[in-house]
Amino acid sequence: FFFQAEDGIRDAQESRGLGDVYKRQDIIHTYIGPTLLVMNPFKAIPHLVSDDTLRAYQEKAFESSFANKDISPHTFAVSCNAFRQAFENDKNQALVISGESGAGKTENAKQAMKYLT
């Protein structure tokens, strides 16, 4: 469930409702270019951080054709990409997690560390 650019957002009222649509469907991750945007749902969504979800992203990491665009946006996907790039390009990687107070930085850092360890 993604809004395509050609669908357009007709007015400000429609754009304000966009976040509500995503929250109702527990879609809290999306990409803006190469940047992952995560909205704090202010509720637990256990299936997003389950061991099964983690394993699914870890399995994808070892596929030769892996690309972030091929899997759902998630903190695990960004962590997976950083992990792969560290070894494929032999270069240090960094994950920048930023946001306002209460935005979910600590929870996303925990997810990244869960993936990487």
Side-chain angles (χ1 to χ4, degrees):
F1 178 109
F2 292 99
F3 287 95
Q4 300 296 318
E6 57 269 12
D7 292 340
I9 295 177
R10 290 172 190 68
D11 59 32
Q13 182 64 34
E14 187 175 341
S15 67
R16 281 192 296 273
L18 190 58
D20 293 335
V21 170
Y22 280 106
K23 283 184 193 176
R24 276 195 306 273
Q25 298 184 14
D26 292 338
I27 300 171
I28 63 167
H29 301 89
T30 192
Y31 288 114
I32 298 176
T35 302
L36 177 68
L37 175 69
V38 184
M39 293 186 295
N40 187 342
F42 297 102
K43 66 178 182 179
I45 307 176
H47 72 275
L48 285 180
V49 294
S50 70
D51 289 339
D52 290 337
T53 302
L54 174 64
R55 273 192 295 281
Y57 281 93
Q58 287 173 329
E59 289 170 6
K60 282 285 187 185
F62 296 104
E63 293 179 7
S64 60
S65 62
F66 171 83
N68 268 359
K69 65 181 174 60
D70 298 332
I71 57 178
S72 296
H74 196 285
T75 306
F76 292 156
V78 174
S79 302
C80 174
N81 192 41
F83 182 83
R84 283 181 57 102
Q85 292 296 318
F87 290 98
E88 288 177 1
N89 299 325
D90 196 31
K91 291 185 178 179
N92 293 334
Q93 301 293 306
L95 297 175
V96 177
I97 301 173
S98 67
E100 295 182 4
S101 177
K105 297 178 298 294
T106 300
E107 291 304 313
N108 279 282
K110 287 181 195 176
Q111 291 175 25
M113 291 306 297
K114 182 177 179 179
Y115 181 90
L116 294 169
T117 58

* To do: State, to 0.1 Å, how close Ala77 and Ser72 come at their nearest heavy-atom pair, and which atoms those are.
  => CB-O, 4.0 Å

* Structure fact -> The remaining residues in the hydrophobic cluster of Met113, counting side-chain heavy-atom contacts under 4.5 Å among Ile, Leu, Val, Met, Phe, Trp and Tyr, are none

* Can you sort out the partners of Asp52 under side chain to side chain contact (heavy atoms under 4.5 Å, CB included), two or more places apart, ordered by chain and number? => Ser50, Arg55

* Val78 and Leu37: same hydrophobic cluster, using ILVMFWY side-chain contacts below 4.5 Å? -> no

* Look at the rings of Tyr57 and His74 and say which category their plane angle falls in: under 30° parallel, 30 to 60° tilted, over 60° perpendicular. => tilted

* Asked: Is Lys114 reaching over with its side chain to a backbone N or O of Val49, donor-acceptor style, under 3.5 angstrom?
  -> yes

* Structure fact -> Ile28 and Ile45 have their tightest heavy-atom pair at CG2-CD1, 4.2 Å

* **Considering all heavy atoms, the nearest Tyr115-Gln58 contact** => CE1-CG, 3.5 Å

* Would a hydrophobic clustering, with Ile, Leu, Val, Met, Phe, Trp and Tyr connected at side-chain separations under 4.5 Å, put Val38 with Leu54? -> yes

* To do: To the nearest 0.5 Å, tell me how far Cys80 SG sits from Gln85 CD.
  => 10.0 Å

* To do: State which residues pass side chain to side chain contact (heavy atoms under 4.5 Å, CB included) with Ala82; sequence neighbours excluded, sorted by chain then number.
  => Gln93, Leu95

* Any side-chain heavy atom of Leu48 within less than 4.5 Å of one from His29? -> yes

* Asked: Is Asp90 atom CG crowded by more than 12 heavy atoms from other residues, nucleotides or ligands, each under 6.0 Å away?
  -> no

* **Euclidean distance, Ile97 CD1 relative to Thr106 OG1, rounded to 0.5 Å** => 9.0 Å

* **Check: Asn108 side chain, Thr75 main-chain N or O, donor-acceptor pair, under 3.5 Å** => no

* **Hydrophobic cluster membership, Phe76 vs Phe87, 4.5 Å side-chain cutoff** => yes

* Nearest atoms (heavy-atom pairs only) where Ala103 meets Asn40 -> O-CB, 3.4 Å

